[in-house]
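Throughout, numbering of the chain's residues begins at 1 and tracks the sequence. These figures come from a predicted structure and were not determined experimentally.
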Amino acid sequence: MLNKIKIPIWLIVITLISSALVSTFIAQQAIKHYSFSAWLHGEIAPASESFNQTSIRQLTAPYELFKQFSTLVTISDDISADKYDQWVKYQIAHKAELLTASLAVYSTDNARLQHLYSVGTATKYQQDQYQSELLSAIRKSQNTSEIISKRLSSDTLLLAKTVKLANGQWFFLSEVDLNLIKLPLIEAHPQSKLNFSMQLTDKQQTQLLNWEFGKLHTIKNQINQRVENEFFVLEITAEPRATFAPKWHAAEISQFIASVIIGTLLVSLLLTLLWYQNRKSQQITQNLTQQTQVLTEQLTAAKESIKRNSRFAIINDMAPIAAAEITPAVSQAIKAVSSLEERTINLKNKLTDGKVTKSLVGSYLDNATQLTRASSSQLLIAAEATYTLEQFASDLKQDTLREINLQLHTAAISGIYKKSHQHKKIKFIESIPGDLDLTAYSGSLTHVVCIILNNSIEHGFNGKPDGIVMIEAFKNKDKQSVQMRIEDNGAGMDESVLASIFATESTDSHSGLNLAKQLVDDKLMGKMEVSSKLGRFTRVNLTLPMDVNKGLAKEQTKA
């Protein structure tokens, strides 16, 4: 028979499958629509509590508690805080809707606000930052005898009421956590595709909440419920996922076919979701990699900036010291030259008058010799100070790799610190062989030594009028490295401070040691160790290669 019909069989099969699918879908939507209506209104027998009843019970509970509490306070002459606490605990224990309580009462007699009792989150309104909210609620509640409501945030509702009686005037406050109400409503939501919204307004037509569970699409399939009581007006609108009204019921076979098709769609959707998730994970991984690279570059730049600023700070500290030495020396030289000029003019005048004697010329020559020597000596001091400052500034700015005599280099640095801290009477003991030369980055080595000496003087001898700093160095047995030790007998550090120095990028008073260790590790290719005893000493041991290039090659070989 099918052969006589000039319609392709595949088209008939598709039509049948489509009809079965559509009829099954319509039947399922009709059942869903009835189920949702029954769930909302409680029409199924034996009837369980409807969602309307659940919503009203949960929303009314904080209002009822607030009303009962205000009644209790106003009818009682004198109840202690313990009695109020017992009453609140009893209410929470015997009412399933109440998971917590937030109540407060104030006396407002004679325009004075006096806190009488509070429990829960309502206690915070005694704090200054909440006074404006409290006073606003008081002013608003004085215009009505009803309970006023105010939405503070998406999660918090404020209830307030003023009660005026012959024996006094009270203001009541309650803070309601809307999440504690929303949670049981979510649990009462059926495990199916249902969209619904809840709108709550108070008696003054102020909207208190507007919750949406899913998105409402069409008015045609919506189920509405409006409930009004003494506290609020509640409107619930529910909508099953249906786009047309049911007209007929499908056979059981249609449900089977529909189930197969729906199962296929679900598997396809699952595979699509897995593919999407994998692609999303790759994108996230790529973004994290890029962000990590950017952060690493920023961190490296920040570290270099810290090192640069620290070097400039050392130069700034050295400049006044050098200036303090250069200025007097130049001044003394100028005085000597001025005196010589004056004696020369005097001699010239006597030559003109013919009053020059042999003894006068001899005295002039002796004085000229002394003044020339004094001027040369002072100018030499100024030149040495200028050269030292320029050398240190050049080292710290350019950080060149060159051969360094450790004795002379360290003596020049310690000499500056001796002059800058003469008032502390710090004694420097130096024991470094004169032939101890090493090839290193001069700026980094200067930077490290300055940080260690500055840490000893500024922190080790903080509050102490005197102290000893010992600096010694020697070649290790391998003849390939130098051992340098800088130790002071200052305040020292306890174990917790010592452990925290290199644990993180510390910002405490000893953070310079962290920077010094970075320079030793990264630039000088050496090792730095710090040991200390509180109240006794701090010792810094540096192990530096004789040639930083060989140290770098050794590290690369290990890697």
Which heavy atom of F213 sits nearest to which heavy atom of M198, and what is that distance?
CE1-SD, 4.2 Å

Does the distance from a Lys or Arg side-chain N to an Asp or Glu carboxylate O, for E230 and K67, drop under 4.0 Å?
yes

Go through the steps to decide whether D177 and T100 satisfy the test side-chain contact (heavy atoms from CB on, under 4.5 Å), and finish with yes or no.
CA-CA 9 Å; D177 187 348; T100 185; 5.6 Å; no

List the atom of L159, the atom of S149, and the distance in Å for their closest heavy-atom pair.
CD2-OG, 3.6 Å

Enclosure of K95 NZ (heavy-atom neighbours >12, cutoff 6.0 Å)
yes

Nearest-0.5 Å distance, CD1 of residue I92 to CG of residue L99
8.5 Å

With side-chain contact (heavy atoms from CB on, under 4.5 Å) as the criterion, how do V448 and L524 come out once you've worked through the C-alpha distance, each side chain's angles and the decisive distance to 0.1 Å?
CA-CA 10 Å; V448 169; L524 300 178; 4.2 Å; yes

Answer yes or no: is there a donor N or O on one side and an acceptor on the other, between the side chain of T237 and the main chain of F196, under 3.5 Å?
no

Is E495 atom CD crowded by more than 12 heavy atoms from other residues, nucleotides or ligands, each under 6.0 Å away?
no

Would you say T289's side chain and T285's backbone share a donor-acceptor pair under 3.5 angstrom?
yes

Which heavy atom in S174 sits nearest to a heavy atom in F66, and how many Å separate them?
CB-CD1, 3.4 Å

I'd like to check Y84 versus I79 (side-chain heavy atoms, cut-off strictly below 4.5 Å). Are they in contact?
yes

Describe, in one word, how the ring planes of F172 and F69 are oriented to each other, choosing from parallel (under 30°), tilted (30 to 60°) and perpendicular (over 60°).
perpendicular

With the threshold set at 4.0 Å, does a side-chain nitrogen-carboxylate oxygen contact exist between E133 and K150?
yes

Candidate pair S153 and D155, rule side chain to side chain donor-acceptor pair (under 3.5 Å), full reasoning
CA-CA 5 Å; S153 66; D155 302 323; 5.2 Å; no

Output yes when D85 and K89 qualify as a salt bridge under the 4.0 Å nitrogen-oxygen rule, no when they do not.
no

Relative to each other, are the rings of F171 and Y106 parallel, tilted or perpendicular (30° and 60° limits)?
tilted

Nearest 0.5 angstrom please: E529 CD to N541 CG, how far?
6.5 Å

Find out whether I468 and D488 are in side-chain contact, i.e. whether some heavy atom of one side chain is under 4.5 Å from a heavy atom of the other.
no

Establish, from distance only, whether the side-chain atoms of D82 and S80 form a donor-acceptor pair under 3.5 Å.
no

Distance check, rounded to the nearest 0.5 Å: R536 atom CZ versus L534 atom CG?
10.5 Å

If you look at every heavy atom in C450 and I413, which pair is closest and at what distance?
SG-CG2, 3.9 Å

Just by distance, no angles: are the side chains of S118 and T123 close enough, under 3.5 Å, to form a donor-acceptor pair?
no

Are T121 and E175 close enough that a side-chain donor and a side-chain acceptor fall under 3.5 Å?
yes

Tell me, do L513 and M528 make a side-chain contact under 4.5 Å, heavy atoms counted?
yes

Find the distance between CG (L134) and OG (S132) and round it off to the nearest 0.5 Å.
9.0 Å

What is the distance from atom CD1 of I56 to atom CD of E228, rounded to the nearest 0.5 Å?
11.0 Å

Within the 4.5 Å heavy-atom criterion, are Q58 and P184 side-chain neighbours or not?
yes

Side-chain donor-acceptor pair under 3.5 Å between Q207 and T201, yes or no?
no

Is the centre of the Y63 ring less than 6.0 Å from the centre of the F232 ring?
yes

Within-4.5 Å side-chain heavy-atom neighbours: Q169 and Q142:
yes

dist Q126:CD -> H115:NE2 (nearest 0.5 Å) comes out at 3.5 Å

Quick check: does any side chain N or O of S102 sit under 3.5 Å from a backbone N or O of A122, one acting as donor and the other as acceptor?
yes

Can you find a pair of side-chain heavy atoms, one from H447 and one from I451, that are under 4.5 Å apart?
yes

Minimum heavy-atom distance S197-E212, with the two atoms named:
CB-CG, 4.1 Å

Assess the residue pair L498 and V530 against the criterion (side-chain contact (heavy atoms from CB on, under 4.5 Å)); give the C-alpha distance rounded to whole Å, side-chain angles, the decisive distance to 0.1 Å, and a yes or no.
CA-CA 8 Å; L498 188 62; V530 180; 3.7 Å; yes

Kindly say whether D202 contributes a backbone atom to a donor-acceptor pair with the side chain of T206 at under 3.5 angstrom?
no

Heavy-atom side-chain proximity of V469 to E487 below 4.5 angstrom
no

Closer than 3.5 angstrom, by distance alone: can the side chain of R151 be matched with the main-chain N or O of L208 as a donor-acceptor pair?
yes

Would the distance check show the side chain of Q199 and the main-chain N or O of W211 forming a donor-acceptor pair, the cut-off being under 3.5 Å?
no

Any side-chain heavy-atom pair of V88 and L103 under 4.5 Å
yes

Would you say the side-chain atoms of H459 pair up with the backbone N or O of N455, donor to acceptor, closer than 3.5 Å?
no

All heavy atoms of V176 vs all of P62, minimum pair found to be CG2-CB, 3.8 Å

Judged by atom type as modelled, is there a donor-acceptor pair below 3.5 Å linking the side chain of S141 to the main-chain atoms of A137?
yes

Evaluate F231 against T60 for side-chain contact (heavy atoms from CB on, under 4.5 Å), listing each step before the verdict.
CA-CA 8 Å; F231 305 116; T60 306; 3.8 Å; yes

